[in-house]
Amino acid sequence: MLSITRFISLALLLFSCLTNAEDVLFIDGHTPAELDLKNWLYVMPAMQDSDISQIRQLPATHWQKLSKETLKDLKTQHLWVKFSLHSHGAFTTNRVLSFINPHLDLIELYHFNRHRLLYKTRMGDTLPFAKRPIIANTFSYPFNNKSKELQTFYFKITTTGSESLDIKLWTDNAYYQNIEKESLIYGFQIGVLCAIGLFSLFIALTSHSFSYSYYAGYVLSLTLFVTALHGVGFRFLWPHLPVVQTFILQILLCISMSFAFLFSEKVMQLKYHSPAMLEVCRTGAAASLLLLSVGLFLDYHLSLMIDVWAMMLTSVLLMYIALLQGFRGHKLAKLFALGWSAMMCGALLSGLMYLDYIELDIQTTTPFLFGLSFEIVFMAALLAIRYNDERLAKLQIQQEALQQAENVKQARDEALRIEARNREQLGQIVQERTLELEVALRELNEANQKLTEQATIDSLTGLKNRNSFDRRLHAECRISRRQHTPIALVMLDIDHFKAINDTYGHLAGDHALRMTATRLKQQLKRPTDLVSRFGGEEFAIILPNTNQEGALQVAESIRKAIFELPISWSDITIPLTVSIGVSVDIASSDQHTTLLLAQADKALYRAKNEGRNRVILYNVELDDV
């Protein structure tokens with residue numbers, strides 16, 4: 001009777017699997033202690049407001065089996081992932097689900113036993129480290145695996161940095177053994193890097209050597225980068241500051257590239273052998289710091305992509321400089337090229353894997369970390385060789401000076417003249433360095449001024465950007481509250497803009513945005529009025545000291561002007577209309593800006609729903625829609 005019951009339950013399970021058209025992971029006593037789940041994972045794009053009840057009701061046709069191509073095709077930062085497992089046999093085990101990628105922003109996990117929700121949890125880089133179910137560098141979830149149970153897991157994953165979705169299933173013993181092994185490896189690697197960096201720093205402080213100073217900065221910044229890369233930094237250095245995770249990798253990578261240029265300049269003595277390459281290195285160092293500043297204002301994924309390309313370019317450029325100087329016969333450049341070759345190969349392999357140009361059955365960071373470890377140890381030996389060469393050269397000079405001093409008085413006088421000349425040269429070097437620093441500071445100040453100007457202008461349309469709009473809106477609301485004058489906010493959206501992009505191409509869409517921006521600026525007559533690009537195909541206009549009648553008149557003139565605007569692209573006339581929402585009020589508090597935006601947005605939404613190409617003024621009736 002018991003065997004018949006098992007047969008019926010197994011048949012029902014198989015029927016359920018066929019109905020859902022998905023693979024179920026069957027585990028028993030022979031299942032490996034470590035199992036990659038990529039063959040049992042299914043994915044689909046997720047809206048930010050989608051919930052688990054809606055997802056579970058979707059048919060199996062909405063899900064796609066996980067693959068690299070699937071992740072590329074989805075093109076989304078929000079992803080639903082699911083898999084199911086069924087255990088059979090008389091056994092009960094403790095299992096652990098582990099996400100190998102330690103840089104996922106947010107994971108919402110739902111654990112179901114058939115239709116019953118057993119557990120729900122959230123983990124990710126946007127949450128404090130202590131919120132994780134298991135305190136480990138990666139994200140893990142422990143659960144009990146009982147016999148004859150069908151368990152389904154849903155993950156809503158939000159991430160902007162990586163498409164890696166490596167998920168593994170472990171027995172608890174195997175998982176904790178692997179954690180211990182990884183901790184030993186990471187601890188050894190970070191410990192070696194930290195020891196070399198601190199040793200170089202102490203030598204730099206005692207010898208006042210720029211070479212060791214730059215090398216110490218290079219090694220210590222890369223040490224912090226490695227700790228952040230492995231998730232160790234989040235665990236031990238900033239566990240209560242998840243916001244640090246959003247920019248620490250880009251900052252450390254840019255700082256390490258800057259130190260790499262400066263260190264390479266010193267160790268290859270480019271100041272004496274190649275002034276042109278010296279300028280290249282210093283420009284590269286400045287560009288790395290500029291990239292750091294710019295990257296903080298960019299989208300995280302775009303900033304990381306730019307940094308990866310910059311890392312690959314830096315490794316190739318420094319190798320080119322080293323080979324060029326090596327072929328010219330410089331000993332230290334040859335040794336530098338030998339040590340840097342490992343770093344270049346590792347950076348190129350990891351960068352190409354991250355950018356999906358090549359695919360290897362290893363983690364993306366592995367080649368970079370191997371190359372980094374070899375290069376840092378080799379460069380430490382290179383600095384030791386250079387330091388020894390300089391020491392021997394100094395000893396030889398001292399012996400020659402003593403010999404000359406013992407021979408004749410004239411030689412001693414000559415030595416004094418040489419010393420005076422050396423002091424003069426040292427003064428010139430100090431003066432040159434001071435001048436170089438002043439030039440660099442002036443150039444940096446000019447770059448900061450240009451960056452400040454760029455930060456307020458939308459590069460495509462030439463209008464003020466969203467940041468500038470927000471600041472102006474806050475200022476005008478304060479004036480409205482103080483003077484008790486009305487302020488009008490006009491929000492407009494180009495109708496069917498996606499269709500323009502799809503039909504005529506994105507360049508045509510950009511042309512339409514520029515033409516619209518030009519016409520908007522022409523329609524505004526007062527110097528106090530501000531038009532800005534709000535985002536995508538949306539524009540926003542601030543009309544200070546303007547009542548409802550005046551705001552509607554301006555909005556209607558804008559609508560007509562754009563309706564009559566001839567937009568031609570490749571001898572094709574593109575019809576263009578806009579929907580406009582208007583909100584007018586007297587500000588009563590600093591929070592009134594949010595209310596104005598919400599009211600204008602509701603009016604814009606009503607204008608689109610009523611057929612587009614029209615102007616709608618906000619009123620309280622719209623709040624009930």
Side-chain angles (χ1 to χ4, degrees), residues 452-453 455-458 461-495 513 516-565 577-610 612-625:
T452 302
E453 294 175 359
T456 62
I457 300 296
D458 177 65
T461 61
L463 300 176
K464 293 294 185 178
N465 60 16
R466 175 66 183 276
N467 188 29
S468 179
F469 167 82
D470 290 339
R471 292 199 301 269
R472 178 66 176 274
L473 182 59
H474 278 288
E476 293 295 345
C477 281
R478 288 173 182 163
I479 295 175
S480 171
R481 183 180 63 180
R482 185 168 59 251
Q483 299 181 355
H484 206 69
T485 56
I487 178 173
L489 181 61
V490 178
M491 294 190 67
L492 60 95
D493 185 275
I494 298 177
D495 297 328
L513 288 173
T516 302
T518 302
R519 184 53 61 94
L520 289 176
K521 288 190 288 187
Q522 294 172 350
Q523 293 298 311
L524 298 181
K525 308 301 182 182
R526 300 185 304 180
T528 56
D529 298 340
L530 174 73
V531 59
S532 64
R533 186 180 180 188
F534 195 77
E537 66 272 20
E538 285 189 294
F539 299 86
I541 301 173
I542 301 174
L543 301 174
N545 196 15
T546 303
N547 56 23
Q548 292 184 356
E549 181 180 356
L552 286 174
Q553 183 178 355
V554 172
E556 185 61 26
S557 66
I558 289 173
R559 186 195 66 78
K560 291 180 180 179
I562 294 177
F563 180 76
E564 298 168 355
L565 178 66
T577 62
V578 294
S579 298
I580 303 178
V582 180
S583 173
V584 181
D585 205 345
I586 297 175
S588 59
S589 67
D590 288 338
Q591 288 73 35
H592 212 101
T593 57
T594 303
L595 181 60
L596 277 174
L597 283 169
Q599 292 174 349
D601 189 65
K602 289 179 180 179
L604 174 60
Y605 183 76
R606 170 60 68 85
K608 283 189 169 293
N609 284 347
E610 292 186 0
R612 297 182 170 85
N613 189 24
R614 64 191 63 234
V615 177
I616 295 296
L617 175 66
Y618 169 81
N619 56 64
V620 292
E621 295 179 357
L622 295 182
D623 290 332
D624 300 326
V625 178

Report summary line: What one should report as the nearest heavy-atom pair of N545 and R526 is O-NH1, 3.7 Å

Report task. Answer yes or no: is there an ion pair linking K560 with E564, defined by an N-O contact shorter than 4.0 Å? Result -> no

**Report entry** Heavy-atom side-chain proximity of V531 to Q523 below 4.5 angstrom
**Finding:** no

Donor-acceptor pairs under 3.5 angstrom involving side-chain atoms of residues 591-598: please list them, not counting sequence neighbours.
residue, atom, partner, partner atom, Å
H592, ND1, S588, N, 3.3
H592, ND1, S588, OG, 3.1
H592, NE2, D585, OD2, 3.1

Query raised in the report: When rounded to the nearest 0.5 angstrom, what is the spacing between CG in D495 and CZ in F563?
Result: 11.0 Å

Query raised in the report: For the residue pair D529 and R472, what are the closest heavy atoms and their distance?
Result: N-NH2, 4.3 Å

Query raised in the report: Is any side-chain heavy atom of L513 closer than 4.5 Å to a side-chain heavy atom of I494?
Result: yes

Query raised in the report: Looking only at heavy atoms, what is the nearest atom pair of A551 and V582, with distance?
Result: CB-CG1, 3.8 Å

Query raised in the report: If you measure from CZ on F534 to CG on D470, what distance do you get to the nearest 0.5 Å?
Result: 7.0 Å

Query raised in the report: Does any N or O in the side chain of T546 come within less than 3.5 Å of the main-chain N or O of I487, such that one atom is a donor and the other an acceptor?
Result: no

Query raised in the report: What heavy-atom pair brings Y618 and A603 nearest, and what distance separates the two atoms?
Result: N-CB, 3.9 Å

**Report entry** Side-chain heavy-atom pair R606, K602 within 4.5 angstrom cut-off
**Finding:** no

Query raised in the report: Rounded to the nearest 0.5 Å, what separation is found between the CD atom of Q522 and the CG atom of L565?
Result: 8.5 Å

**Report entry** Ion pair check, R612 and D493, cut-off under 4.0 Å
**Finding:** no

Report task. Indicate whether any N or O donor in one side chain lies under 3.5 Å from an N or O acceptor in the other, for R533 and N465. Result -> no

Requested in this report: Return yes when atom CD of E556 has more than 12 non-hydrogen atoms of other residues, nucleotides or ligands closer than 6.0 Å, and no otherwise.
Outcome: yes

Query raised in the report: Taking C-beta and beyond as the side chain, do L473 and L530 meet within less than 4.5 Å on heavy atoms?
Result: no

Report task. First locate atom CE of M491, then atom CD of E538, and finally report the distance between them rounded to the nearest 0.5 Å. Result -> 4.5 Å

Query raised in the report: Do S579 and E610 come within less than 4.5 Å of each other through their side chains, counting heavy atoms only?
Result: no

Query raised in the report: Is there side-chain contact between T485 and E476, with heavy atoms separated by less than 4.5 Å?
Result: no

Report summary line: Distance col, row R481:CZ vs S589:OG, nearest 0.5 angstrom, shows 7.0 Å

Query raised in the report: Between A488 and V584, which heavy-atom pair has the shortest distance, and what is it?
Result: CB-CG2, 3.7 Å

Query raised in the report: Roughly how far, to the nearest 0.5 Å, is the CG atom of L604 from the CG atom of L492?
Result: 8.0 Å

Report task. Sort out for me which residue in I541, V615, L617 forms a side chain to side chain contact (heavy atoms under 4.5 Å, CB included) with I580. Result -> V615

